2 protein chains.
Amino acid sequence: MGRWEPDSRGRLQEAALALFAERGFDQVTAAEIAARAGLTERTFFRHFADKREVLFGGSELLRERILTGVTGAPATDGPLEVVAAGLAAAASMLGEFRRDLSLQRQAVIDANPELRERELAKLADYASEVAAALRRRGVGEPRATLAAEAGMAVLRTSLQRWASSPVERSLSAMVQESLGELRAVALGS
Amino acid sequence: MGRWEPDSRGRLQEAALALFAERGFDQVTAAEIAARAGLTERTFFRHFADKREVLFGGSELLRERILTGVTGAPATDGPLEVVAAGLAAAASMLGEFRRDLSLQRQAVIDANPELRERELAKLADYASEVAAALRRRGVGEPRATLAAEAGMAVLRTSLQRWASSPVERSLSAMVQESLGELRAVALGS
DNA sequence: AGTTTGATGACTGTTACTGACATCAGCGTA
DNA sequence: TACGCTGATGTCAGTAACAGTCATCAAACT
């Protein structure tokens with residue numbers, strides 16, 4: 001057995017989500033999260049750049065999933081199809097892995113403006129990387145950026161609807177539906 | 001003459017922009033901004049909810065402009081045309097009023113992740129209000145939200161390109177061009 | 001056995017922000 | 001004119017987010 005309990009980072013994430021869900025984001029201090037995980041405040045900030053980041057530990061993984069989906073799309077696909085492939089990859093990941101925790105996490109985020117800001121920033125980061133991938137495929141600007149940003153808008157709205165929907169619907173289906181709506185909007189209907 | 005110099009809020013905004021442009025956002029304290037404006041730190045936080053907000057004092061005005069543009073669009077317009085009317089109103093406001101300050105401000109924002117987060121949040125707020133206006137016009141969900149979000153993506157990318165473009169091009173023209181690109185993307189090209 | 005490494009704790013400091021109370025010019029009102 | 005009210009500001013004290021620095025010590029390596 002090691003000198004410390006293993007997976008400090010994971011314990012911090014669990015503790016944070018539980019406390020945030022209980023009392024709300026700004027009614028919980030970093031020191032409390034750390035204490036619940038059997039650690040100190042200083043260690044909390046070694047694992048996470050700021051208090052908000054503790055809720056976005058999986059975002060790196062999601063980023064990779066999206067990028068993998070995008071680069072794996074057929075060479076003949078148009079920009080929006082390529083983006084859609086990335087969205088499908090993201091949706092399958094978010095929708096299948098611990099649905100209960102995903103929903104709880106989304107509820108916490110939606111309840112706090114600072115956390116919503118951070119979520120938007122993450123999505124924007126994905127968008128700029130997807131745009132870069134599109135450019136590597138030969139898509140010019142500003143088309144690449146717009147396709148990527150529109151795609152992230154689809155993901156964002158689907159996430160919102162998925163989290164607040166009373167009935168249990170698959171996230172992937174919602175993404176598909178929203179993509180269709182986006183096309184319809186652009187066509188002028 | 002009043003007890004204090006007039007327009008504290010404006011003086012704080014001016015002082016902040018100048019200092020941020022000089023030294024960068026996080027190398028300037030709220031107390032320094034206040035001192036430069038002849039005020040105290042406490043008064044700074046009475047005028048602005050947090051340090052970032054001092055750069056977004058005009059956002060309320062912009063919000064109204066966008067909403068006015070949207071509600072003023074012909075009843076026969078489709079969702080994207082309606083959104084486009086709001087974007088045109090926003091572009092004319094940003095493009096004509098103190099171009100030098102707008103550019104300096106945008107440069108400061110683009111140089112700092114926290115400020116970019118805040119800007120995204122503002123745009124997202126506009127989007128949700130535009131979506132509400134569309135719903136009042138009878139557009140259903142998720143179509144209304146997607147049209148609004150796509151529109152804000154157009155505004156965001158245009159703003160970016162406008163601020164970083166070496167040649168002097170009108171913001172309105174860039175918004176128009178980006179809208180065309182968005183339509184092309186959705187059509188599958 | 002000795003050395004190095006990496007994760008953690010302990011301590012200290014800065015700064016963003018907040019609550020509570022005091023001040024005082026200007027205004028309305030008696 | 002005198003008097004009380006209001007609103008913007010100053011002052012002071014406090015909390016919590018974060019960061020720099022050094023010590024510790026199990027485990028891995030040589």
Side-chain angles (χ1 to χ4, degrees), chain A residues 1-20 22-57 60 108-109 111-119 121-122, chain B residues 1-20 22-57 60 108-109 111-119 121-122:
Chain A
M1 197 180 70
R3 181 177 179 187
W4 298 283
E5 296 300 308
D7 194 22
S8 310
R9 190 183 168 87
R11 270 153 48 217
L12 285 168
Q13 292 178 120
E14 273 180 46
L17 181 58
L19 288 172
F20 291 162
E22 234 179 79
R23 275 187 271 157
F25 178 75
D26 36 13
Q27 293 308 309
V28 178
T29 70
E32 285 171 327
I33 299 169
R36 173 143 171 173
L39 297 164
T40 65
E41 187 191 14
R42 192 68 186 87
T43 298
F44 177 95
F45 286 109
R46 283 200 184 94
H47 283 283
F48 303 101
D50 59 57
K51 191 179 152 192
R52 288 176 260 172
E53 271 297 302
V54 72
L55 275 173
F56 296 88
E60 186 53 30
V108 168
I109 292 173
N112 187 281
E114 304 175 54
L115 293 173
R116 266 187 281 128
E117 277 194 19
R118 177 58 51 85
E119 191 186 29
K122 294 284 182 190
Chain B
M1 198 182 66
R3 182 175 178 186
W4 298 282
E5 296 300 306
D7 195 21
S8 311
R9 190 183 167 87
R11 270 153 49 217
L12 285 167
Q13 291 178 120
E14 274 180 46
L17 182 57
L19 287 171
F20 292 161
E22 234 179 79
R23 275 186 271 158
F25 179 76
D26 36 14
Q27 292 309 307
V28 177
T29 70
E32 286 171 327
I33 299 168
R36 173 143 170 173
L39 297 164
T40 64
E41 187 191 12
R42 191 66 184 86
T43 298
F44 178 94
F45 287 109
R46 282 201 185 93
H47 283 283
F48 304 101
D50 58 59
K51 191 179 151 192
R52 288 176 260 172
E53 272 295 302
V54 72
L55 276 173
F56 296 88
E60 186 52 30
V108 168
I109 291 173
N112 188 282
E114 303 175 55
L115 293 172
R116 266 187 281 127
E117 277 193 19
R118 179 56 52 86
E119 193 187 28
K122 293 284 182 191

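Numbered from 1 within each chain, the chains take letters A, B, ... in sequence-line order. Owing to the predicted nature of the structure, the values given are computational and were not obtained by experimental measurement.
- Distance from the side chain of B:Ser8 is smallest to D:dT9 among D:dA19, C:dA16, D:dT9.
- When rounded to the nearest whole Å, the span between CD1 of B:Ile33 and P of C:dT15 equals 13 Å.
- We find that B:Arg118 and A:Glu117 are joined by a salt bridge, their nearest charged nitrogen and carboxylate oxygen being less than 4.0 Å apart.
- No side-chain donor-acceptor contact under 3.5 Å links A:Gln27 to the backbone of A:Gly24.
- A straight line from CZ of B:Arg3 to C1' of C:dG26 spans 10 Å, rounded to a whole angstrom.
- B:Phe44 has its CZ atom 10 Å from the C1' atom of C:dA16, to the nearest Å.
- In this structure, B:Ala31 reaches neither bases nor backbone, as no heavy-atom distance under 4.0 Å exists between it and the strands shown.
- When each of D:dA8, D:dA16, D:dC12 is scored by its nearest atom to the side-chain atoms of A:Thr29, the top-ranked nucleotide is D:dA16.
- Within the 3.5 Å criterion, the main-chain N or O of A:Ala37 finds a donor-acceptor partner in the side chain of A:Arg11.
- Comparing A:Val28 and A:Arg46 by the nucleotide of DNA chain D whose heavy atom lies nearest to each, the residue mapping closer to the 5' end is A:Val28.
- In summary, A:Lys122 and A:Glu53 engage in a salt bridge, as defined by a charged side-chain N under 4.0 Å from a carboxylate O.
- Of the candidate nucleotides C:dG9, D:dT24, C:dC17, C:dC17 has the atom lying nearest to any side-chain atom of B:Lys51.
- The separation between A:Glu41 atom CD and D:dC18 atom C1' is 8 Å, rounded to whole Å.
- D:dT15 atom P lies 14 Å from atom CD of A:Glu32, rounded to whole Å.
- B:Thr43 has no side-chain polar atom (N or O) that falls below the 4.0 Å cut-off from OP1 or OP2 of D:dT9.
- At C:dA10, none of the side-chain N or O atoms of A:Thr40 fall inside 4.0 Å of OP1 or OP2 (strictly under the cut-off).
- With A:Phe20 as reference, A:Ile33 is the one residue of A:Asn112, A:Asp26, A:Ile33 to meet the side chain to side chain contact (heavy atoms under 4.5 Å, CB included) rule.
- We find that CG of B:Leu39 is positioned 6 Å from P of D:dT9, with the value rounded to whole Å.
- As rounded to whole Å, 17 Å separates atom P of D:dG7 from atom CZ of B:Arg42.
- Rounded to whole Å, the distance from CH2 on A:Trp4 to P on D:dA28 is 13 Å.
- Between A:His47 and C:dT8 there is a side-chain N or O to OP1 or OP2 distance below 4.0 Å.
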